[in-house]
Structures are given as structure tokens and as C-alpha cells.
Amino acid sequence: MSPMTVLDALLRRMAHRASLMLDSEERDAACGDLAESRESGSQVLREVLGLVVRRRAACLRGWRPWLTLFSLTIPLSVLVSLVSRRTADGTAIYLWLYVNNWDWTLIHNQGFWRELAESTPGVLLSSSRSRAGPGRPVSLSGASRDGSSGLAAPFSSR
Amino acid sequence: MLGEFEYLLIAAAARLGEEAYGAAIRREIEEATRRRCSIGALYTTLDRLETKGLVKTWMGEATAQRGGRAKRMVRVTGKGVQAATSFYRAVTRVSRDVSWDMQ
């Protein structure tokens with residue numbers, strides 16, 4: 001099999017893959033037309049891609065996709081990116097506090113479990129950052145201030 | 001008013017009659033204009049013409065020559081004939097007393 005034949009077969013395969021982006025009836029009609037006209041592999045690929053691009057571009061002609069983009073997609077994507085960043089920040093702080101200051105005695109401490117139960121929803125809802133002041137080790141240090149939790153010992157001793 | 005390519009497509013389909021389908025129309029246009037006619041341009045224009053009610057399309061039979069794939073058959077509607085006639089008359093009127101051979 002010559003390299004040109006292999007290349008032609010490869011291009012036809014790519015054209016077939018691209019044609020899957022078309023409606024089944026249109027794919028049948030277009031691929032049948034191209035088979036009938038005995039075009040080369042590169043020409044078939046170009047024709048199919050041309051049709052796919054035209055179909056995709058046609059979707060952007062109306063006002064609805066643009067209205068959706070500016071009224072819904074962009075505002076929501078900004079909101080999601082802000083929320084995910086805050087969630088990541090809050091989660092990272094809590095994970096660092098728990099992992100870096102871990103002490104096995106904590107698991108016998110009721111204050112630790114209470115703090116964990118209180119802070120977990122905050123982590124999940126990314127509200128921990130807004131409740132904690134800058135530079136303050138979130139609510140774990142708060143637990144040590146009121147003396148109700150044994151968490152002060154492992155944190156203050158390091 | 002029709003566009004140039006729309007007119008070519010309607011004229012080719014009218015000329016082919018019962019045998020009007022994608023590949024045949026494409027061949028007619030390429031022979032008439034001596035230029036390539038892309039499948040993308042053909043099918044998007046067909047859709048536009050069908051939306052305007054100037055042509056009617058439906059899926060025809062599959063043949064072995066086409067790898068067992070169906071044809072998209074085309075028929076020009078009465079409205080399409082009117083639009084093509086109007087376009088042709090406009091071109092004829094505007095071309096009156098103009099001789100392109102001299103230029």
C-alpha cells in the first residue's frame with residue numbers, strides 16, 4: 001500500500017469522524033454526494049469540515065445565543081469562578097491547619113469534634129474566609145480563646 | 001430578491017426536474033459557472049431556500065454508487081419559480097443595451 005493511499009484513507013477516516021457532527025440525514029446526503037463525485041480524501045475532508053463550520057456558524061446568527069451569552073453565561077461563569085476560588089482558599093487553609101498541626105490526642109477531644117462539625121459546612125459553603133479575619137488561623141484559634149476546646153494546646157505549642 | 005447563488009441553485013434544480021438532488025445540482029452549477037461549488041454552500045443555501053418556501057426537499061433512495069447513502073431530493077415550488085423569474089427579468093432588464101463582448 002503506497003503512502004498516498006494510506007494518507008487518503010486517513011483523511012477519509014477524519015472526514016467520517018467530522019461528519020458525525022452533522023445531522024444523520026445531512027450526513028447521509030453530504031457523504032453520499034461526495035462518494036458519488038469520487039473526490040480525493042483531502043477534498044472530502046475539506047468539504048465536510050466546510051459544511052460543519054457553516055452549520056455551527058449558523059447557530060450564532062440569531063440574537064438568542066448572544067443574549068444567553070451576555071445575560072447568563074458570562075455572569076454565571078464569573079460567579080462560579082469567584083465561588084470556586086473562595087472555596088479553594090478556605091479549604092486549603094482548613095486542610096493545612098488540620099494536617100500541619102495534627103495531634104492524635106485531638107480525636108479524644110470533644111472540642112475538636114465540635115469545631116470540626118461547625119467548620120465543615122463553612123468549608124463546603126466557602127463561608128469560612130468571610131468569617132475569619134486576615135492572618136487569623138480561622139475558627140480553630142477561636143476555640144482556644146473561649147477555653148472550651150483542647151485545640152489550643154497543639155497549636156500554641158508549635 | 002434572490003441572491004446570485006440562490007438563483008443558480010433554483011435554476012439547476014428546475015433544469016434537472018425529477019433528478020434534482022445535491023450532487024447533481026452541484027455538478028450543474030460547477031459546469032455552468034466553471035467554478036467549484038462546496039457542499040457546505042449548497043446545503044446551507046438549500047436550507048435557506050426551503051425556509052423561504054422556494055424549494056422543497058426530502059430524503060430519497062440510497063444507491064450503491066453513493067455507498068448506500070440516501071439522496072436529498074429537491075423540487076422547486078411555485079413560489080421558487082416566481083422568485084427565479086423575477087430575478088431573471090431584473091437581470092435581463094438591467095443588462096439591456098449592454099454588450100459585455102465589447103469590453
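All heavy atoms count here, side chains included; hydrogens, waters and symmetry mates do not. All chains are named by letter (A, B, ...) in the order of the sequence lines, taking the proteins before the strands, and each is independently numbered beginning at 1.
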Proximal to chain A - members of residues 75-85 of chain B, heavy-atom separation under 4.5 Å: none
Closest non-hydrogen atom pair, Ala13(B) against Ile25(B): CB-CD1, 4.0 Å
Shortest non-hydrogen separation from Ser71(A) to Leu67(A) and the atoms involved: OG-O, 2.6 Å
Separation between OG1 of Thr33(B) and CZ of Phe5(B), rounded to the nearest 0.5 Å: 8.0 Å
Residue Ala24(B) versus chain A: region with a heavy atom under 4.5 Å: neither
Heavy-atom pair count under 4.5 Å with chain A, highest-scoring of Ala41(B), Ala62(B), Gly68(B): Ala41(B)
Residue part contacting chain B, namely of Ala30(A), when any heavy atom lies under 4.5 Å: both
Test item: Glu6(B) and Phe87(B) side chains (from C-beta on) under 4.5 Å apart, heavy atoms: no
Closest contact, heavy atoms only, Arg46(A) versus Gln43(A): NH2-OE1, 3.1 Å
Aromatic ring proximity, centroids under 6.0 angstrom, Phe70(A) and Trp63(A): no
Heavy-atom closest pair, residues Ser37(A) and Arg26(B): OG-NH1, 3.8 Å
Any donor-acceptor N/O pair, Asn101(A) side chain to Leu97(A) backbone, under 3.5 Å: yes
Pairs of heavy atoms under 4.5 Å with chain B: top-ranked of Arg27(A), Arg38(A), Arg55(A): Arg55(A)
